[in-house]
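Data first, discussion second: the structure below is written as structure tokens.
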Amino acid sequence: MQYWLMKTEPDECSIDDFAKTPAAVIRWDGVRNYQARNFMQDMHIGDEVFIYHSSCAKIGVAGLVRVVRAAYPDPTQFDSASTYFDSKSQPDKPRWVAVDLQYIRRFTEVIPLAAIKTMPAFTDHPLVAKGNRLSVVPISSEQREALNQRANRHKEDEV
DNA sequence: GCCAACGTTGGC
DNA sequence: GCCAACGTTGGC
């Protein structure tokens with residue numbers, strides 16, 4: 001089992017889009033960066049993906065989803081009407097891939113980027129590096145633990 | 001809206 | 001293969 005983090009602008013696709021239809025399978029497409037694509041090709045069914053909201057009011061990790069289908073050719077690269085259309089991509093040799101994701105849980109509160117920056121587990125992680133633009137990054141089990149602990153911080157108060 | 005950092009493109 | 005120019009990302 002591997003862990004990942006994927007960035008999204010919540011206007012495009014947010015954890016709420018997963019949460020409102022928990023059974024739905026959502027295709028994660030439109031990734032047009034080779035490094036990010038290579039990470040997507042390493043994903044397996046069952047891997048957990050932290051959803052990160054960027055370029056918005058509450059920047060940070062908003063919840064968890066699961067990989068339910070491993071990498072396959074991203075259909076939007078062949079769709080000339082799509083903003084993700086890539087004229088250099090050939091159907092017999094696709095450049096870009098998509099994965100399918102399904103809801104696991106939404107965090108009570110978004111874990112702010114500022115909080116992640118203070119976590120020792122994230123000291124050298126690309127997410128907190130200045131100028132980082134990678135939209136898909138691996139997460140270690142220590143980093144996963146740190147995020148889940150922070151996400152569960154208020155749970156005992158609620159019970 | 002600003003701007004720094006980065007990836008990609010294209011001329012040479 | 002180099003590198004300047006350009007477009008995009010993304011925090012602030």
Side-chain angles (χ1 to χ4, degrees), chain A residues 2-20 26-43 47-67 70-101 103-140 142-151 153-154:
Chain A
Q2 299 175 103
Y3 312 107
W4 310 91
L5 178 145
M6 289 173 121
K7 292 183 190 173
T8 177
E9 297 189 15
D11 289 348
E12 302 282 326
C13 177
S14 80
I15 193 67
D16 293 323
D17 295 317
F18 286 93
K20 70 187 175 197
I26 294 181
R27 187 179 71 213
W28 199 272
D29 55 26
V31 173
R32 294 295 179 269
N33 169 285
Y34 289 105
Q35 212 180 337
R37 180 206 62 183
N38 293 343
F39 284 134
M40 288 173 77
Q41 285 172 332
D42 286 341
M43 291 181 178
D47 284 1
E48 290 179 359
V49 180
F50 289 93
I51 295 296
Y52 176 91
H53 288 172
S54 70
S55 299
C56 60
K58 286 186 179 174
I59 295 166
V61 177
L64 256 185
V65 300
R66 188 184 307 285
V67 176
Y72 60 99
D74 178 351
T76 64
Q77 69 195 308
F78 308 122
D79 177 5
S80 59
S82 168
T83 51
Y84 300 122
F85 177 65
D86 185 345
S87 60
K88 293 176 192 150
S89 199
Q90 302 301 322
D92 55 328
K93 208 184 170 205
R95 281 185 159 191
W96 308 113
V97 299
V99 294
D100 286 350
L101 303 174
Y103 181 70
I104 296 180
R105 71 178 177 121
R106 181 183 187 280
F107 294 157
T108 315
E109 294 172 14
V110 171
I111 304 173
L113 177 59
I116 298 168
K117 283 178 174 171
T118 69
M119 295 177 182
F122 276 89
T123 304
D124 293 318
H125 194 268
L127 184 66
V128 301
K130 191 178 179 187
N132 168 60
R133 293 167 51 178
L134 198 52
S135 62
V136 182
V137 283
I139 295 287
S140 71
E142 291 79 13
Q143 289 159 350
R144 170 192 186 239
E145 192 56 33
L147 291 175
N148 281 333
Q149 262 182 25
R150 166 78 193 210
R153 211 174 43 160
H154 299 296

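Proteins come first, then strands; the chains are lettered A, B, ... in the order of their sequence lines, and each starts at number 1.
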Would you please indicate yes or no on a ring centroid separation below 6.0 angstrom for A:W96 and A:Y72?
no

For atom [atom1] of [X] and atom [atom2] of [N], their distance in whole Å:
X      : N      : atom1 : atom2 : answer
A:Y34  : B:dG7  : OH    : P     : 14 Å
A:L127 : B:dA5  : CG    : C1'   : 15 Å
A:N33  : B:dA5  : CG    : C1'   : 14 Å
A:N132 : B:dC3  : CG    : C1'   : 17 Å
A:I116 : C:dG11 : CD1   : P     : 10 Å
A:D86  : B:dG7  : CG    : C1'   : 14 Å
A:L134 : C:dT9  : CG    : P     : 13 Å
A:Q35  : C:dT9  : CD    : P     : 16 Å

side-chain N/O [X] vs [N] OP1/OP2, d < 4.0 Å:
X      : N      : answer
A:Y52  : C:dG11 : yes
A:K130 : C:dG11 : no
A:K117 : C:dC12 : yes

Check: A:I139 and A:F122 side chains under 4.5 Å, non-hydrogen atoms
yes

Find out whether A:V67 and A:W28 are in side-chain contact, i.e. whether some heavy atom of one side chain is under 4.5 Å from a heavy atom of the other.
no

For A:R32 and A:T76: C-alpha separation, side-chain torsions, deciding distance, then whether side chain to side chain donor-acceptor pair (under 3.5 Å) applies.
CA-CA 11 Å; A:R32 294 295 179 269; A:T76 64; 3.0 Å; yes

Options B:dG10, B:dG7, C:dG10, nucleotide nearest the side-chain atoms of A:S54:
C:dG10

